[in-house]
Protein chains: 4
Amino acid sequence: MPRVGMEPIRREALVKATIAEVGRKGSLDVTVAHIAARAGVSSGLAHHYFGGKEDLIVAAMRHIMQIYGTAVRDELRAAASPRARAAGIVRASFGPANFAPEVVAAWLSFYVHAQSATGARRLLGIYQRRLVSNLADALRPLAGERARDLAETLAALIDGLYIRHALGDLPDGAAASARVIGVMDRLLEAA
Amino acid sequence: MPRVGMEPIRREALVKATIAEVGRKGSLDVTVAHIAARAGVSSGLAHHYFGGKEDLIVAAMRHIMQIYGTAVRDELRAAASPRARAAGIVRASFGPANFAPEVVAAWLSFYVHAQSATGARRLLGIYQRRLVSNLADALRPLAGERARDLAETLAALIDGLYIRHALGDLPDGAAASARVIGVMDRLLEAA
Amino acid sequence: MPRVGMEPIRREALVKATIAEVGRKGSLDVTVAHIAARAGVSSGLAHHYFGGKEDLIVAAMRHIMQIYGTAVRDELRAAASPRARAAGIVRASFGPANFAPEVVAAWLSFYVHAQSATGARRLLGIYQRRLVSNLADALRPLAGERARDLAETLAALIDGLYIRHALGDLPDGAAASARVIGVMDRLLEAA
Amino acid sequence: MPRVGMEPIRREALVKATIAEVGRKGSLDVTVAHIAARAGVSSGLAHHYFGGKEDLIVAAMRHIMQIYGTAVRDELRAAASPRARAAGIVRASFGPANFAPEVVAAWLSFYVHAQSATGARRLLGIYQRRLVSNLADALRPLAGERARDLAETLAALIDGLYIRHALGDLPDGAAASARVIGVMDRLLEAA
DNA sequence: AATGAATGAGGATTCATTCAT
DNA sequence: GATGAATGAATCCTCATTCAT
C-alpha cells in the first residue's frame, strides 16, 4: 500500500535494520533479504533506495558515525575544562548509543570491510582523523605539543577496548571510560 | 603424482596460502579454490585435509598465533629484567613476522570472524588471555597487584595499534613498540 | 499537474521514446522505466495507457510502419511511370525517416521479437505483404506475371540491406536505394 | 558422477543446447538454467565451462558459423567452374544444416544481439566479410571488377531471405537457393 | 491524469562441498 | 594421495506490474 513521502522513513528503517542485522550476525555476511525483512519491506525496495548492498552498508556506517558525532558534540558542549573536554570525548566513545553490543559488533565489521572497500575506507578514515584531532584539540592546553601524540595513543586505546568488548571481554562502558581517562590522567601527570 | 609423506607439506602450504589470501583480500571472503590454487593444489585437497573452509580458517589462525607465541618465547628468553620481559612481549607483537601488512589484515579479519564462529572465538580468547597474563606476569615484580590492570591496558593498546595499522595509519613496528613501551614506562612511574 | 486531453500527447511521446530507446540499445532489453523517463512521464503512466510493455512495443512497431507507409504513399503520389512507382517504394524504404540508424536498429529488434510474439508477428506480416504487393503492383505493367517473383526478390534484398546497415556496414540510404534499383532494372532487362 | 575428460563433451552439449534453446524461443531471452537442463547438466557447470551467459552465446554463434564454414568448404571442393563455386556458396547458405528453422531463428537472434554486444558483433563481422569475399572471389573470373559489388548484393539478398524464412515466409532452402542463383545469373548476363 | 511506492518473481552468478576415478 | 567434474543452495539484483493517493 504505497503512500507518499515514505522515502526518508524507509531509508532510516533500512539503515537501522542493517546495523541491527550486522551487529547480531557479527559480520557483513548478511543478506539484503534479511535486512529488508527486518525493516518490514521487500528486498526490492532496499535496492530501489540504496542501489545495492554495498551502498546500504556505507549508509549504515555513516549513520553510526553520525550517532557518535552527535554524542561527542553533546559531551563537548557540557564540558567546562580542557580535561573535561577530553574526558567527554572518551565518554562519548563508550556511551550507551555507541557501546551497545550490536553497535560495537557492527563497528568492528565495518573496520574489516574498510580494508577492501574504498568507500568504507574513506569514511572510516574521516572518523579516525576526527577522533584524533578532537582529542588533540582538547588536550593541547594541557599537553602542548605532546597533545597530538597523546591523542593518538588514546585513540588507539579506545579502538583496542572496542575490539575486546566486541569479543566479550570487558564489563561495561563506564569501566572502559574510566580506564582510558585514568591512563590519560597519568600520562598528563608524567609530563 | 601423489607421493607419500606429503600431508604435512600440503597442510602447511594450504595454511600459509590461506593467510596470504585473507591478508591480501583483507577479509574472509576468499574462495577455497583461490587458496588451493595459491598453494598449488586442487580445491578438493583442501577439503580432504581440513574438512572444510571453516577448519582451514581456524588452522590459519592457529598458525598465526603460533608464530606470535614463538616470537614471544624468543623475546622472553633473551630478556634479563622484568621490564625487559614486558618490553619483549610488546616487541614480539610488532615484530616483522606479526606486523607484516597481510598478517595484520588477516588478524583483523580473524577478530571479526571470532564474533560469529565459536571455534575461532575460543582460539582468540586463548591468545588474548595469554597475552594479558604474559604481560601481567612480567609486570608483577614492578607493579604488584596493579600488574593485571596495567597488562589489560597495554593489551588493548596493542590491539588498537594493530587495527590502525591495518587501515594504513601507522608507520612501522618499531614506532608502535616504542609507543606502547613509552606508555608502559610512564604508567609504571606514575605509581 | 494533470490536464485534460493529454492522452494522445502522452501516447505519442511514449511510442517515440520506445523507438528511440530500443534503437539506441539495439534490442528490446529496455526497461519501461527508461522509456517512461525519456518520455518525461512515470513508468506507471506507460502501463496506464498501454497496458504493458508488450503493447507498448507493438504500438511502436505500428508507428514505425505508419511512418513507412506514409513515405511510400508520398513517393507513389509523385511517381509518373511504373518504374518510377517501383523506384519510389524502394526510395521510401531507405528514406531518412526509415533509415536513421536507431530506426533501423529498432526494425531489426522488432523482426526478432516477431519470432516469439504473436501480435508482433501479425503486424510484421502485414507490412511484409504490403511491401511485396506494393512492389508487385508497380512492376506488373513492366514484368507481367514475373512481377510477383521480382517483388519478392527486391523485398528480400531491401531487408538484407537493412540488416547490414544495422550492423554498421553500408554507407547511406541513397547508395542502398541505388543498389536495389540497379538490380531491379537489370532484372527487368533480363526479361 | 564425475568422470575425467568430460570437458569437450559438456562444452559441445551446452553449445548445442544453447542453439536449440535460442532457436526454439526465437530470442536470446533464454535462461542458463534451461540451456543447462537441456544439455543434461547443472547451471553451475555452464558457468564453470563458459564463464557466463554471454560467453555461451558467443560460443554458440561461433559453432553455427563453423557449421556454415564447413558447408561452404565442402561445396567449394566439389565445384568445377567459377559459377559452380558461387552457386555452391549460395547453396551452402541454404543447406539443411544452416536452414533448419531453429538455426535460422538463432542466426537472426545473434544478428540483433550483435547490435549491442561487442564480441558478438566482431564475430558476425568476420562471417559477413568472409561471405562477401568468398562470393567475390568466385565471381571474379566472370564479373571482373564488378565482382565485389555483385557479391555484396547477393550477400544482402541471402540475409534478406534468411529473415523472411525466420518469419515463416519461404518454402524451403532449395527455392531460396534457386532464387539467389537466378538473380546471380541474370546479373551476370546483364553485363 | 499522474505519480512513485512497493512488490515479488525470475535469473545470473558464485562457491563450498562431494565424489568417482 | 590427488584431481577436477559436478552439483545446488544461496544471494544479489532487475524490472514489469500494481495500486493507494
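All of these numbers come straight from a predicted model, not from anything done at the bench. In what follows, chains carry the letters A, B, and so on, assigned in the order in which the sequence lines appear, proteins first and then strands, with residues in each chain numbered from 1.
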What is the distance from atom CG of D:Leu123 to atom OG1 of D:Thr118, rounded to the nearest 0.5 Å? 12.0 Å
For the backbone of D:Ser116 and the side chain of D:Arg121, can you confirm whether one donor and one acceptor N or O come within less than 3.5 Å of each other? no
Quick one: stems for DNA chain F, with Watson-Crick or G-U pairs under 3.5 Å, at least three in a row? E:2-21 with F:2-21
Round to a whole Å and report the spacing from CD1 of D:Ile35 to P of E:dA12. 8 Å
Can you tell me how far P of E:dA2 sits from CZ of C:Arg11, to the nearest Å? 12 Å
Check whether any side-chain nitrogen or oxygen of C:His48 sits under 4.0 Å from OP1 or OP2 of E:dA1, and answer yes or no. yes
Nearest whole Å is fine: how far is F:dC13 P from A:His34 NE2? 16 Å
Could you tell me the separation between the CG atom of C:Leu45 and the C1' atom of F:dT21, rounded to a whole number of Å? 15 Å
For a quick test of reading the model: is some side-chain N or O of D:His47 closer than 4.0 Å to OP1 or OP2 of E:dT14? no
Nearest-0.5 Å distance that lies between atom NZ in D:Lys16 and atom CD1 in D:Ile64: 12.0 Å
Can any side-chain N or O of B:Glu102 pair as donor or acceptor with the backbone N or O of B:Gly23 at less than 3.5 Å? no
Counting only N and O atoms by type, is there a donor-acceptor contact under 3.5 Å from the side chain of D:Lys25 to the main-chain atoms of D:Asp29? yes
Expressed as a whole number of angstroms, how long is the span from C:Asp55:CG to F:dT18:C1'? 15 Å
If you pin A:Ala33 and D:Ser42 to their nearest nucleotides in DNA chain F, which one's is more 5'? D:Ser42
Under a plain distance cut-off of 3.5 Å, with no hydrogens placed, do C:Glu54 and C:His113 share a side-chain donor-acceptor pair? yes
Need one value for B:Thr31: base, sugar-phosphate or nothing, where a base atom within 4.0 Å counts as base even if backbone is also close, heavy atoms only. sugar-phosphate
Can any side-chain N or O of A:Arg38 pair as donor or acceptor with the backbone N or O of A:Thr18 at less than 3.5 Å? no
Distance check needed: F:dC12 C1' versus A:Asp29 CG, whole Å only. 13 Å
Indicate, with a heavy-atom threshold strictly under 4.0 Å, whether D:Tyr49 touches base, sugar-phosphate, or nothing. sugar-phosphate
If the cut-off is 4.0 Å, is B:Arg10 near the phosphate of F:dA2, judged by side-chain N/O to OP1 or OP2? yes
Which nucleotide sits closest to the side chain of D:Glu7: F:dA5, F:dA16, E:dT7? F:dA5
Rounded to whole Å, the CG-C1' distance (A:Leu14 to F:dC12) equals 15 Å
Residues at least two apart in sequence or cross-chain that pass ring-ring contact (aromatic ring centres under 6.0 Å, His included) with A:Phe50, listed by chain then number, are none
Of D:Gly44 and C:Ser43, the one whose closest DNA chain E nucleotide lies more 5': C:Ser43
How do D:Val30 and B:Glu54 order along DNA chain E: which one's closest nucleotide is nearer the 5' end? D:Val30
Just compare F:dG1, E:dA1, E:dT3 and give me whichever is closest to any side-chain atom of B:Met6. F:dG1
Between NZ of C:Lys25 and P of F:dT14 the distance, given in whole Å, is 12 Å
